[in-house]
Amino acid sequence: MSQRIEKILHAEAELEAVAARLAEVVDTGIVVYLRGPLGAGKTTFARGFLRGLGYTGIVKSPTYTLVEPYRFEQINCYHFDLYRLEDPEELEFTGARDYFNEASICLIEWPEKAAGLLPQADFDCSLEHHEQGRALTLTACSTKAESFMLHAFPD
Ligand SMILES: Nc1ncnc2c1ncn2[C@@H]1O[C@H](COP(=O)(O)OP(=O)(O)OP(=O)(O)O)[C@@H](O)[C@H]1O
Ligand SMILES: [Mg+2]
């Protein structure tokens, strides 16, 4: 079981649009891993996703605070950037454990920095530099994620 899409996004706005489309169809209780080297577009994906949920403010990577909460009427969305996580125990101090629940959506940059401490991903979003743009591979890793993906990107 794995549903996967691959896309070349030639501009930031295109990447945001794909992420926003995904956000429009998902339910709460999902975890999205955002992978790829520095500058690959992970925060751009998170920004697009938050826009898709209806957020209109500024979205920056929470590099020093590790996590930024965004609260909506029906949904709590938590954007993690674990790049500077030195000791996996630091994650505990952020209260992160409470954020992984059925009422939330968690977007996690640099999940590999907290390997073994995070819930499994529903979506694995991998970004790479591709000429002037970015190559996105989005994989649905759970049954519910597969159905959201088919709904968001039917063809
Ligand atoms: N599809 C795209 N085409 C071209 N440039 C893009 C695209 N997506 C994002 N960018 C640009 O890449 C730069 C870095 O993006 P972003 O901050 O999202 O990367 P990141 O993966 O979060 O980096 P970090 O690892 O430092 O957190 C930004 O200047 C952004 O405008
Ligand atoms: Mg980032």
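Keep in mind that the numbers below use all heavy atoms, side chains included, and drop hydrogens, waters and symmetry copies. Residue numbers count from 1 along this sequence.
Considering only heavy atoms from C-beta on, Pro69 stays 4.5 Å or farther from Asn76 through its side chain. No side-chain heavy atom of Lys42 sits less than 4.5 Å from a side-chain heavy atom of Leu107. Side chains of Cys141 and Gln120 form no contact here, defined as non-hydrogen atoms less than 4.5 Å apart.
Considering CG of Leu118 and CD1 of Ile108, their distance stands at 4.5 Å, rounded to 0.5 Å. Atom CG of Leu38 and atom CD of Glu109 lie 10.0 Å apart (nearest 0.5 Å). Between the NZ atom in Lys113 and the CG atom in Leu66 there is a gap of 11.5 Å [rounded to 0.5 Å]. Once rounded to the nearest 0.5 Å, the distance linking NE2 of His79 with OG of Ser61 reads 4.5 Å. Residue Thr63 holds its OG1 atom at 12.5 Å from CG of Leu85, rounded to the nearest 0.5 Å. Note that CG of Leu82 is 6.0 Å distant from CG of Leu91, once rounded to the nearest 0.5 Å.
In plain terms, the two heavy atoms of Pro88 and Leu117 that are nearest each other are CB-CD1, 3.0 Å. Considering all non-hydrogen atoms of both residues, Gln3 and Leu150 come closest at NE2-CD2, 3.6 Å. What you find for Gly48 and Ala19 is that their closest heavy atoms are C-CB, 3.9 Å.
Residue pairs that meet the ring pair (Phe, Tyr, Trp, His ring centres under 6.0 Å) test with at least one member in residues 41-69, sequence neighbours left out, are Tyr55-Tyr70. Here ring pair (Phe, Tyr, Trp, His ring centres under 6.0 Å) pairs that include residues 126-155, with residues two or more places apart or in two chains, number zero. Residue pairs meeting the ring pair (Phe, Tyr, Trp, His ring centres under 6.0 Å) criterion with at least one partner in residues 96-128, sequence neighbours excluded, are Tyr78-Tyr99, Phe80-Phe100, Tyr83-Trp110.
Legend: residues meeting side-chain contact (heavy atoms from CB on, under 4.5 Å) with Glu16, ordered by chain and number and at least two apart, are Glu12, Thr44, Arg47, Arg51. For Glu112, there are no side chain to side chain donor-acceptor pair (under 3.5 Å) partners two or more places apart in sequence or in a different chain. When the salt bridge (Lys or Arg N to Asp or Glu O under 4.0 Å) test is applied to Arg84, no partner is found at least two apart in sequence or on another chain. Arg71 meets the salt bridge (Lys or Arg N to Asp or Glu O under 4.0 Å) test with no other residue; sequence neighbours excluded. Applying the side chain to side chain donor-acceptor pair (under 3.5 Å) rule to Glu92 yields the partners Arg97; only residues at least two apart in sequence or on another chain are considered. Asp122 pairs by the side chain to side chain donor-acceptor pair (under 3.5 Å) definition with Ser142, not counting sequence neighbours. Every residue two or more places apart in sequence or in another chain that forms a side-chain contact (heavy atoms from CB on, under 4.5 Å) with Asp87 is listed here: Glu89, Glu90.
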Using residues 26-37 as the side-chain source, report each donor-acceptor pair under 3.5 Å to any protein atom, sequence neighbours left out, with the distance given to one decimal.
unit_1: Thr28; atom_1: OG1; unit_2: Glu102; atom_2: O; d: 2.7
unit_1: Tyr33; atom_1: OH; unit_2: Pro119; atom_2: O; d: 2.7
unit_1: Arg35; atom_1: NE; unit_2: Asp124; atom_2: OD1; d: 3.4
unit_1: Arg35; atom_1: NE; unit_2: Asp124; atom_2: OD2; d: 2.7
unit_1: Arg35; atom_1: NH2; unit_2: Asp124; atom_2: OD2; d: 3.2

Can you give each donor-acceptor pair under 3.5 Å made by side-chain atoms of residues 131-138, sequence neighbours left out, with the distance rounded to 0.1 Å?
unit_1: Arg134; atom_1: NE; unit_2: Gly39; atom_2: O; d: 3.3
unit_1: Arg134; atom_1: NE; unit_2: Ala40; atom_2: O; d: 3.1
unit_1: Arg134; atom_1: NH2; unit_2: Gly39; atom_2: O; d: 3.1

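A donor-acceptor pair under 3.5 Å links the side-chain atoms of Thr94 to the main chain of Ala96, judged by distance alone.
Annotation for Lys60: atom NZ does not count as buried by contact number, only 12 or fewer foreign heavy atoms lying within 6.0 Å.
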